[in-house]
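For this chain, numbers begin at 1 and follow the sequence in order.
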Amino acid sequence: MLLLISGRVKVAYRSAEGKVLLLAVRGERELLGSMGVLTGRPRSASVIAMRECVTRTLMADRFRSLTRGSDLEAELLQGAFARITEGEAWRADIAGLAAGPRLARALLRLAGPGDGGGPVGEVHLSQTEIGQAIGLSRAVVAGELAGLRRAGVVVTENGRVLIIDPSMLRKLAGSGHGAV
């Protein structure tokens, strides 16, 4: 398994039919592969670097030995439950929200820190990848982003969405209505 020291990665699942589902985006100080190590099951997803990453490899046997001999088991269990809860929230959004609020919530969840110039969040994913995360086609994501751009909520660039007005995006995420 890996400890992500710095950088950001996306976690994706590819079905037997070749369909890709973006499961999560992970950042600094995240453990990658811990569920497989703890359960002894093969990995269920792939991790792809979104930018340059620094990692440390932890051998499975050594990791299990360290966790058994310390208070890390409870912390790992909390982390596993947090990931399960995160997945349930994604599924609830996909099943119950219209495209606009679904996209708004996804952008807020996926946003990494800005470049230090203010409270701007960034999503370093293509429209296709965002769609894969929330069960929408690239065309629907593009249409919703166009509305958000017109409203001054986001700016889009090639493979990146900059959140300019996070408070408005939060409002749209909870409204239950289309993006704009």
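- Linking ILVMFWY side-chain heavy atoms closer than 4.5 Å, directly or via other members, places Met1 and Tyr13 in two distinct hydrophobic clusters.
- Cluster annotation: Leu4 is connected to Leu2 through the hydrophobic network of ILVMFWY side chains, with a link wherever side-chain heavy atoms come within less than 4.5 Å.
- Pairing each heavy atom of Gly174 with each of Arg105, the nearest pair is CA-NH2, 4.1 Å.
- Counted by atom type alone, Ser46 and Arg14 present zero donor-acceptor pairs between their side chains at under 3.5 Å.
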Donor-acceptor contacts under 3.5 Å from residues 20-31 side chains, at least two apart:
residue: Arg26; atom: NH1; partner: Glu86; partner atom: OE1; Å: 3.0
residue: Arg26; atom: NH2; partner: Glu86; partner atom: OE1; Å: 3.0
residue: Glu30; atom: OE1; partner: Arg83; partner atom: NH2; Å: 2.7

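- Judged as a side-chain contact (heavy atoms from CB on, under 4.5 Å), and not counting sequence neighbours, Ala92 has no contacts.
- Side chains of Asp165 and Ser167 form a contact here, defined as non-hydrogen atoms less than 4.5 Å apart.
- The local environment of CD in Glu88 is crowded, with over 12 non-hydrogen atoms from other residues, nucleotides or ligands closer than 6.0 Å.
- Shortest non-hydrogen contact noted between Leu107 and Ile163 is O-CD1, 3.7 Å.
- Of all non-hydrogen atoms in Cys53 and Val9, the two that sit nearest each other are SG-CG1, 3.7 Å.
- Separating the CG atom in Leu110 from the CD1 atom in Ile134 is a distance of 8.5 Å, to the nearest 0.5 Å.
- The two residues Leu103 and Leu148 have their closest heavy-atom pair at CD2-CD1, 4.0 Å.
- Residues Ile130 and Leu136 are not in side-chain contact: their nearest non-hydrogen atoms beyond the backbone lie 4.5 Å or more apart.
- Here the straight-line distance linking atom CZ of Arg138 with atom OG1 of Thr128 works out to 6.0 Å at 0.5 Å rounding.
- In this structure Thr57 satisfies the side-chain hydrogen bond (donor to acceptor under 3.5 Å, both in side chains) test with no other residue, sequence neighbours excluded.
- The minimum heavy-atom distance linking Gly135 with Ile94 is given by the pair N-CD1, 4.3 Å.
- Remark: of the listed residues Arg160, Arg8, Arg51, Arg160 is the sole one forming a salt bridge (charged side-chain N to carboxylate O under 4.0 Å, His left out) with Glu122.
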Any chance you could lay out the side chain to side chain contact (heavy atoms under 4.5 Å, CB included) test for Val161 and Leu145, step after step, and finish with the verdict?
-> CA-CA 9 Å; Val161 178; Leu145 284 172; 4.3 Å; yes
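- Taken together through direct or relayed side-chain contacts under 4.5 Å among Ile, Leu, Val, Met, Phe, Trp and Tyr, Leu58 and Val47 form parts of separate hydrophobic clusters.
- In the hydrophobic cluster analysis, where Ile, Leu, Val, Met, Phe, Trp and Tyr join through side-chain heavy atoms closer than 4.5 angstrom, Leu108 is grouped apart from Val11.
- Across Arg149 and Val155, no two heavy atoms sit closer than the pair CG-CA, 4.5 Å.
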